[in-house]
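Ligands are counted one by one from 1 in listed order, and the atoms in each one are counted from 1 as well. A quick note: this is a predicted structure, and the numbers were derived from the prediction, not measured.
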Amino acid sequence: MTFREDWLVQWERLIMTKKAIAVLTSGGDSPGMNAAARAVVRTAIFEGVRVFGIYNGYKGMLKDDIVELTTRSVSDIIQRGGTFLGTARSAEFETPEGRQKAYANLQKHGIEGLVIIGGDGSLRGGAKLSKETGISIVGLPGTIDNDVWGTDYTIGCDTAANTIVDSINKLRDTASAHRRIMVVEVMGHKSGWLAMMAGIAGGAEYVLVPEVKFNLNRLCEEIEEDYSHGKRYSLIVVAEGAGSALEIGKYIEEKTGIDTRVSVLGHVQRGGSPTVEDRMKASLLGEKAALAIISGESNVVFGYNQGRPVSINLFDAVDNTKTLNPELVRLARVLA
Ligand code: F6P
C-alpha cells in the first residue's frame, strides 16, 4: 500500500503549475459529492487557478458540457445530497476512441488537470484517460459503497450508513410489535462494507455479506432457538451482493414458520443531506485534490487511513480490491 503523507504538510512550497483544471462527478452519486466539488472549486479560485465544471460525468465530457465555474457556482450546495454537476454512466467513454474525443474537449478549454469524484469504476476510467493522454488526474473516492482500495472511507458512506440505521430503527418497532423477522437489503454493489457498518451500528442480529459464506439453515435454527427463549424479533441485514433479501426472507419464513417481512431500501440510501462527517471529510479531500493537481501532482487518489488524509497511487487504487475488515465480521457476530 503506497501512502505518502509527508508531502501533504509541505504546502508552503506549493508551486502553481496549472492554469486551468476541471472537476467532475461520475458513477453512483453520493451525499458529500457537492461538498467535495465545492472545496475543489473554491480552493482553485483561491489559488488563482481557473476551474471548469464538467456536467453529467464522462458523458458530459464527450458532449463538451463543460462550463467555467465561479465561487458563486457552488453556493448553497454543501447541505445537499446528490451532485450539482450531475453524473451519468457512459459506454462511449469505455472505448479508447471515446476517451480521445473527450480529451479533445478538455484541450479545447485549456484544461490541464482533472479532479474525478467517483467510485472505483469512475476512477478506473480516469486512470485509462491519464495513461492514454497524459493529462493529470487526481481522484476522490465518491461512493456510498466504501469499497475503494487504500482508503478506510469514501464520500457518502457515513450518510448512507446513517440512512440505513434510521430505517433499521423504524423496522425494529414494527418487528417487535408483530414478533416478526425483518430482512433488510442494502446497497454496496459487490462489497459488504456498507452493510457491515450499518448492521453493526444498527444492532442487527445477522449481517450477510458477499465476502463471508453463510449457512441459512444454521441461521434459521439459531433464530428458532432464540424465539423459543422469548426473543421478540430478529433483524437481518443483507448486502445486495450477498443475495436477494426477498428470496432469503421467503426461505427463512418457510423454514422457521415465523412471520417474515422484507425491506429493500434501494436508492433512498443514496440521497439525503450529508452528515457532518461526510461534509468535513469531503471538504478536506476536495482541498487536497485541488492543491495537488494545481501543483503538478497526478495519478493519486486522496482518502483516509486511520483517520488521517493520505494519497494513494491511482493505479493501485483501481487495480486492487478492498477486502472486508475481519475484525468487523467478528464484531457483528459477537454483538448479535
Ligand atoms: O455504487 C453505488 C451504488 O449505489 C451501488 O451500491 C449500487 O449497486 C449501484 O450504485 C446502483 O447503481 P444505479 O444507481 O445505476 O442503479
Asks: Strictly distance-based, threshold 3.5 Å: is any side-chain N or O of Thr151 a donor or acceptor partner for the main-chain N or O of Tyr304?
Replies: yes
Asks: Just to verify, what does Arg42 make a side chain to side chain contact (heavy atoms under 4.5 Å, CB included) with, not counting sequence neighbours?
Replies: Arg38, Thr71, Arg72, Val74, Ser75
Asks: In chain order, what residues pass the side chain to side chain contact (heavy atoms under 4.5 Å, CB included) check against Asn146, with sequence neighbours excluded?
Replies: Thr154, Cys157, Trp193, Met197, Lys322
Asks: Checking His109 now: which residues fulfil side chain to side chain contact (heavy atoms under 4.5 Å, CB included) with it, not counting sequence neighbours?
Replies: Phe52, Asp64, Ile66, Ile111
Asks: Run the salt bridge (Lys or Arg N to Asp or Glu O under 4.0 Å) test on Lys101 and Glu97 for me, step by step, so that the C-alpha distance in whole Å, both residues' side-chain angles and the decisive distance to 0.1 Å come before the verdict.
Replies: CA-CA 6 Å; Lys101 180 179 162 190; Glu97 299 73 21; over 6 Å; no
Asks: Just checking Lys213: does its NZ atom have more than 12 heavy atoms from other residues, nucleotides or ligands closer to it than 6.0 angstrom?
Replies: no
Asks: So which residues, sorted by chain and number, lie with a heavy atom under 4.0 Å of ligand 1?
Replies: Arg89, Thr143, Ile144, Asp145, Met187, Gly188, His189, Glu240, His267, Arg270
